[in-house]
Amino acid sequence: EKFLLIMTEKGTVKKSKFKDFDSNYKSLQAIKLKDDDKVVSVKTTSGKEDVILVSQKGQAIRFDETNLKAQGRSAMGVRGIKLREGDKVVGAATSRDETLLFITAKGYGKRTSLEDYRLQSRGGKGIICIKTTDRNGPVVGSSQVSLKDEVMLVSNQGKLIRTQVQGISALGRITQGVRVMNMTPGEKVVALERIAETSDDESNGASE
């Protein structure tokens, strides 16, 4: 059976059965949000995976999805991570891949192994996933990646860079990362997109 995981900016996570969204209607309510909260990530899962939530201030928590009870479409979900004042969730992942990529506002990034993140109880404060300072800025996003993937970064000034994941250093949790994108004064990264590896057949077909 498939499930849908919905994660919000304030650290809420909600699990629903995928079949609950089988409908001829154009739109359905997926989660009831609290004031000023918003959805930041949606994942489909097998129901037996680990969930990783990542915050703007460089905290991450990993917990077992089986500890989440499936809820109806109008439910509000439960706390996934306890955030510090002024912090918010900016990314989420599941345990399908072994490597996590983190990107900060000032163009820094790094890869870390999923093994570096021990399982914890849902609703805790988590552990440091990247050290955020004035030098590298807050976390703007994270993604599961493989070494054959590419990643695309976009700045608030419309600049775009596409780079290979394997060219971004693999570092420990308590590090700031390395320069991935050069920034001008006042510029910052606002979005990242994983470009997954494609097969040779797919690549050849696209070029014809």
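Index from 1, following the sequence.
Cluster annotation: M152 is not connected to V165 through the hydrophobic network of ILVMFWY side chains, with a link wherever side-chain heavy atoms come within less than 4.5 Å. One hydrophobic cluster, built from ILVMFWY side chains closer than 4.5 Å, holds both I195 and L160. A continuous path of hydrophobic side-chain contacts links V78 to V51 [ILVMFWY only; heavy atoms under 4.5 Å]. Residue L100 is not grouped with residue M7 when hydrophobic side chains (ILVMFWY) are merged at heavy-atom distances under 4.5 angstrom, including chains of intermediate members. When the side chains of ILVMFWY residues are joined at heavy-atom separations under 4.5 Å, either directly or via intervening members, L114 and F102 end up in a single hydrophobic cluster.
Residues V151 and L101 form a side-chain contact, since some pair of their non-hydrogen atoms from C-beta on lies under 4.5 Å apart. Side-chain contact check for V180 versus L153: some heavy-atom pair is nearer than 4.5 Å. Counting only heavy atoms from C-beta outward, the side chains of Y108 and M181 never approach each other to under 4.5 Å. For the pair V139 and I103, the minimum side-chain heavy-atom distance is 4.5 Å or more. Side-chain contact between L33 and T12: absent, with no pair of heavy atoms (C-beta onward) separated by less than 4.5 Å. Using a 4.5 Å cut-off on side-chain heavy atoms (C-beta onward), L5 and V42 make no contact. Between V40 and T8, every side-chain heavy-atom pair lies at or beyond the 4.5 Å cut-off.
A pairwise comparison of heavy atoms in S55 and L83 identifies CB-CD2, 3.9 Å as the closest pair. L53 and F63 get closest at one heavy-atom pair: CD1-CE2, 4.2 Å. Contact detail for K43 and A92: the closest heavy-atom pair is CE-O, 3.3 Å. Here the closest heavy-atom approach between residue A70 and residue F3 is recorded as CB-CE2, 4.2 Å. Residue V54 comes nearest to C129 through the heavy atom pair CG1-SG, 4.0 Å, listed as atom of the first residue, atom of the second, then distance.
Taking a cutoff of 4.0 Å between a charged side-chain nitrogen and a carboxylate oxygen, D50 and R62 qualify as a salt bridge. The pair D116-R173 fails the salt-bridge criterion, with no side-chain N (NZ, NE, NH1 or NH2) lying under 4.0 Å from an Asp/Glu carboxylate O.
Checking each of K15, K48, K14 against E65 for a salt bridge (charged side-chain N to carboxylate O under 4.0 Å, His left out) leaves exactly one that passes, namely K15.
Of the possible donor and acceptor atoms, none in the side chain of R111 sits under 3.5 Å from a partner among the backbone N and O of S146. Using a distance-only test at 3.5 Å, with no hydrogens or angles considered, a donor-acceptor pair links the side chain of D87 to the main chain of Q56. Remark: side-chain polar atoms of D37 are not paired, donor with acceptor, to backbone N or O of K34 under 3.5 angstrom. Of the possible donor and acceptor atoms, one in the side chain of N156 sits under 3.5 Å from a partner among the backbone N and O of K188. At distances below 3.5 Å, not a single donor-acceptor pair connects side-chain atoms of S143 with backbone N or O atoms of R194. Side chain of R122 to main chain of I81: no donor-acceptor pair is present (N/O by atom type, distance under 3.5 Å, no hydrogens or angles). Remark: side-chain polar atoms of K148 are not paired, donor with acceptor, to backbone N or O of Q164 under 3.5 angstrom. Distance alone, capped at 3.5 Å, places no donor-acceptor pair between the K57 side chain and the K88 backbone.
Remark: L171 CG to T112 OG1 distance equals 9.0 Å, nearest 0.5 Å. A distance of 6.5 Å separates CG of D20 from CZ of R73, quoted to the nearest 0.5 Å. To the nearest 0.5 Å, atom NZ of residue K131 and atom OG1 of residue T104 are 14.0 Å apart. The CE atom of M183 sits 10.0 Å away from the CD1 atom of I161 when rounded to the nearest 0.5 Å. The structure places OG1 of T99 at 9.5 Å from CD of E115, a figure rounded to the nearest 0.5 Å. Put simply, CD1 on I127 and CZ on R118 are 5.0 Å apart, with the number rounded to the nearest 0.5 Å.
The number of heavy-atom neighbours closer than 6.0 Å to NZ of K32, taken from other residues, nucleotides and ligands shown, is 12 or below. The neighbour count for F18 CZ, taken as heavy atoms of other residues, nucleotides or ligands under 6.0 Å away, does not exceed 12.
Counted by atom type alone, T175 and K110 present one or more donor-acceptor pairs between their side chains at under 3.5 Å. The closest side-chain donor-acceptor pair between E49 and S95, if any, does not fall under 3.5 angstrom.
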Full working for side chain to side chain donor-acceptor pair (under 3.5 Å) between S155 and E187:
CA-CA 7 Å; S155 81; E187 188 177 20; 2.6 Å; yes
Is there a side-chain contact (heavy atoms from CB on, under 4.5 Å) between I6 and L4? Walk through the geometry before answering.
CA-CA 7 Å; I6 302 171; L4 190 70; 4.2 Å; yes
Would I61 and K125 satisfy side-chain contact (heavy atoms from CB on, under 4.5 Å), going step by step from the backbone distance to the final call?
CA-CA 7 Å; I61 190 168; K125 294 181 180 180; over 6 Å; no
Please evaluate residues T133 and Q176 with respect to the criterion side chain to side chain donor-acceptor pair (under 3.5 Å), reporting the C-alpha separation (whole Å), side-chain torsions for both, the decisive distance (0.1 Å), and the verdict.
CA-CA 8 Å; T133 65; Q176 296 183 44; 2.9 Å; yes
